[in-house]
Amino acid sequence: MKYWMMKSEPDVFSIDDLQKKGLEPWNGVRNYQARNFMREMKLGDKVLFYHSNAKEIGVVGLMEVSKEAYPDPTQFLAKSEYYDPASKKEDPRWSLVEVKFVEKFPRIVTLEMLKQTAGLDGLLLLRKGNRLSVTPVEAAHFKIIVGLKK
DNA sequence: GCCAACGTTGGC
DNA sequence: GCCAACGTTGGC
């Protein structure tokens, strides 16, 4: 079992949206590194949900991979903001995974808390200049972060 | 709104 | 293949 973190701007898609829907195909990732991480995800892997570009920035809950990587349909939709005219149906460029809601944390584990918590050295999220929307998380880091939820 | 960091594009 | 220009991310 592996652990991951995925970012979303809550104005676009939030933990509350996920809770309502139950499941979500994580479409719109258009970064090769992030795509490759999603392709590594296995059914049942745990995923931290991170709100970026928000009033309260941080980890807001937990999800689980409910379907492994498959082609992101939005890359073929001319009207979609995620449309990629260079991607061919016989060789799709972009993938996504489907995730399901597990829990919303009682409080947000803020970026500030993460920065001040010992033992999170090396967490990719905290690396200077890191903008990846999908990153792996070490098991030890995952446990520490979940432990901060209340 | 600013800007640092980073990825992508395209001319050469 | 290099690299300048440009676009995007995301914290502040």
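No experiment lies behind these values; they were computed from the predicted model shown.
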Distance check needed: [N] [atom2] versus [X] [atom1], whole Å only.
X: A/R30; N: C/dT9; atom1: CZ; atom2: P; value: 12 Å
X: A/E112; N: C/dC12; atom1: CD; atom2: C1'; value: 11 Å
X: A/M6; N: C/dT9; atom1: CE; atom2: C1'; value: 17 Å
X: A/M5; N: C/dT9; atom1: CE; atom2: P; value: 18 Å
X: A/L132; N: C/dT9; atom1: CG; atom2: P; value: 12 Å
X: A/Y82; N: C/dG7; atom1: OH; atom2: C1'; value: 16 Å
X: A/N36; N: B/dG7; atom1: CG; atom2: P; value: 13 Å
X: A/R131; N: B/dT8; atom1: CZ; atom2: C1'; value: 10 Å

Checklist line | salt_bridge(A/D72, A/R30) N-O dist < 4.0 Å | finding: yes
Check: Is A/R107 atom CZ crowded by more than 12 heavy atoms from other residues, nucleotides or ligands, each under 6.0 Å away?
Finding: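 It does: A/R107 CZ has more than 12 such atoms within range.
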Margin query: Of the options C/dC12, B/dT8, B/dG7, whose atoms approach the side-chain atoms of A/K115 most closely?
Written below: C/dC12
Note to self: Can you list, in residue-number order, the parts of residues 8-15 of chain A that come under 4.0 Å of DNA chain C, counting heavy atoms only?
What the structure shows: none
Next item on the list: Would you check, one step at a time, whether the test ring-ring contact (aromatic ring centres under 6.0 Å, His included) holds for A/F49 with A/W26?
Entry: CA-CA 12 Å; A/F49 192 144; A/W26 205 265; 5.5 Å; yes
Checklist line | Output field: ring centroids A/Y32/A/W94 closer than 6.0 Å | finding: yes
Margin query: Would you say A/Y50 places a side-chain N or O within less than 4.0 Å of OP1 or OP2 belonging to C/dT9?
Written below: no
Check: Is the distance from OP1 or OP2 of C/dG10 to the nearest side-chain N or O of A/K7 less than 4.0 Å?
Finding: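 Yes, such a contact exists.
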Check: Just checking, is any N or O donor in the side chain of A/S14 or A/D16 under 3.5 Å from an acceptor N or O on the other one?
Finding: no
Note to self: Classify A/K55 by what it touches in the nucleic acid, base, sugar-phosphate, or nothing, heavy-atom distance under 4.0 Å.
What the structure shows: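 The residue A/K55 makes no contact with any strand.
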Note to self: Which heavy atom of A/A34 sits nearest to which heavy atom of A/V29, and what is that distance?
What the structure shows: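 So the two residues come closest at CB-CG1, 3.6 Å.
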Item checked: First encountered from the 5' end of DNA chain B, between A/N53 and A/K128 ->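 Result: A/N53.
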Notebook entry, point to check: Of the options A/I15, A/I57, A/V59, which is the one that meets A/H51 in a side-chain contact (heavy atoms from CB on, under 4.5 Å)?
Noted result: A/I15
